[in-house]
Structures are given as structure tokens and as C-alpha cells.
Amino acid sequence: MTDAGEAAELAALFDAARRVQAHAHAPYSRFAVGAALRTASGAIFAGCNVENAAYPEGICAETGAIAAMIAAGERIITHVVVIGDGVTPLTPCGACRQRLAEFGTLETRIYCSTSEGIGAPHLLGDLLPHAFSAHRLAEGRLRSQA
Ligand code: THU
């Protein structure tokens, strides 16, 4: 793909994150987050944070975007844009790094951004080094006692 093509794809991902951020339900933290994922097929899925009066029941923007992706039958995340207001780029929380790792690769690009503009990409492998994964689970699973 050309540089111009990649820039246009990234702009579309940023726009999706920006649009969904406006729908955040964040009356408790008053901190709206938008996340948009691009999958291997080129499709885009977006989610915003949805808080709850029972605070621990709230979900992050990335979680909603992942749920939309899975519901649509997709599995492989190649690019992510996450947006929060303020001047510091929004980096995904620890739990969402693990959720992204379930469907991404070490090379999945995470653009930690603000609502003002897109940030520099980080590799998922740098944001969550030595991640726990299904490979490790398979290795340690109990053998049948039969
Ligand atoms: N939040 C996200 O949606 N994603 C993150 O990666 C960081 C935090 C949300 C959760 C909560 O609704 C609000 O931001 C404040 O923590």
C-alpha cells in the first residue's frame, strides 16, 4: 500500500474512534474514551467506555470494540486507535492490553492518541511484553488421569 493509502486508512480509524468517543457513557469518571480496531480484512470496529453506577461493572472502550469485532465474526486485530481527552496520549489500561493480545500479534500497532490528533504507534509486544497466552495455557494443561 502507498504512504497516502496508509495515511487515509489511519485517518478513517481515527475518525471512527473520535465519533464513538462522543457516545461514551462516563458520568462517573467524566473521562470519555473511544477505540477503533482495524482487522486483517480491513474492517473497522469501534467502542466507547460504558460506565455503571456499580462502578466495577463499567467496561472500557477497547472491550466494546473487541466485542463488536467478535460479534461480526472477525478475529485478527492489526491496528488500534485509542483516544482520550487531554494532552497526553491515551495508553490502554493493563486489562485491555491483555484483551487486545488475545486477538492481536506482537506487531499489532496501537496508536495512543488524544481527541486532538493521532499519536505515534506502539507495538502491542512493547506495551505488553511476555504476555500470557493460549500457547502457555496449552503447555501446562492437566493431562487426563485415565
Ligand atoms: N478507560 C477506557 O475505556 N480504556 C482504557 O484503556 C483506560 C480507561 C475508561 C474506563 C473508565 O470508564 C474511564 O476510562 C476512567 O478510567
Side-chain angles (χ1 to χ4, degrees), residues 1 3-141:
M1 178 164 317
D3 284 356
E6 278 178 26
E9 290 210 339
L10 206 50
L13 205 55
F14 180 78
D15 284 351
R18 191 85 177 77
R19 275 198 304 274
V20 76
Q21 184 195 15
H23 298 303
H25 176 68
Y28 308 108
S29 71
R30 303 180 60 77
F31 188 79
V33 181
L37 320 171
R38 181 182 297 285
T39 62
S41 75
I44 291 176
F45 299 95
C48 54
N49 51 335
V50 183
E51 298 182 350
N52 193 283
Y55 289 4
E57 308 313 328
I59 63 163
C60 284
E62 298 91 324
T63 306
I66 289 169
M69 173 190 77
I70 294 299
E74 299 237 16
R75 284 281 185 283
I76 302 169
I77 301 171
T78 59
H79 299 78
V80 182
V81 169
V82 281
I83 290 176
D85 291 337
V87 294
T88 306
L90 188 135
T91 49
C93 76
C96 284
R97 294 178 197 202
Q98 180 69 33
R99 292 189 183 102
L100 291 168
E102 180 78 11
F103 303 107
T105 68
L106 297 176
E107 281 76 40
T108 293
R109 281 172 163 63
I110 317 283
Y111 293 84
C112 302
S113 306
T114 71
S115 43
E116 299 303 312
I118 197 147
H122 296 270
L123 297 180
L124 182 53
D126 291 337
L127 290 182
L128 188 66
H130 310 289
F132 180 75
S133 74
H135 297 107
R136 186 65 187 84
L137 194 60
E139 188 186 319
R141 193 167 275 138

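Order of listing sets the numbers, starting from 1, for every ligand and every atom in it. Note that this is a predicted model, so its numbers are computed, not measured.
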Original post:
Is the closest side-chain donor-acceptor distance between R99 and T63 under 3.5 Å?
Top reply: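 On atom types as modelled, these side chains qualify, holding a pair under 3.5 Å.
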**OP:** Please check if any side-chain donor atom of D85 sits under 3.5 Å from a side-chain acceptor atom of Q21, or the reverse.
**Re:**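 Yes, side-chain donor-acceptor contact under 3.5 Å.
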**OP:** Would you check if the side chain of R109 reaches a backbone N or O of T78 as a donor-acceptor pair within less than 3.5 Å?
**Re:**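 Pair absent, no side-chain N/O of R109 close to backbone of T78.
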**OP:** Apply the test side-chain contact (heavy atoms from CB on, under 4.5 Å) to residues H79 and L13: give CA-CA distance (whole Å), side-chain angles for both, the deciding distance (0.1 Å), then the verdict.
**Re:** CA-CA 8 Å; H79 299 78; L13 205 55; 3.7 Å; yes
Subject >> Protein residues that have a heavy atom under 4.0 Å from any atom of ligand 1, sorted by chain and number >> reply: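 The answer is S29, F31, V33, N49, E51, C60, A61, E62, P92, C93, counting any residue whose heavy atom sits under 4.0 Å from ligand 1.
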**OP:** Could you walk me through whether V33 and L90 pass side-chain contact (heavy atoms from CB on, under 4.5 Å), step by step?
**Re:** CA-CA 8 Å; V33 181; L90 188 135; 3.9 Å; yes
**OP:** Search all heavy atoms of A43 against all heavy atoms of E74 and return the closest pair with its distance.
**Re:**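 That closest heavy-atom pairing would be CB-OE2, 3.6 Å.
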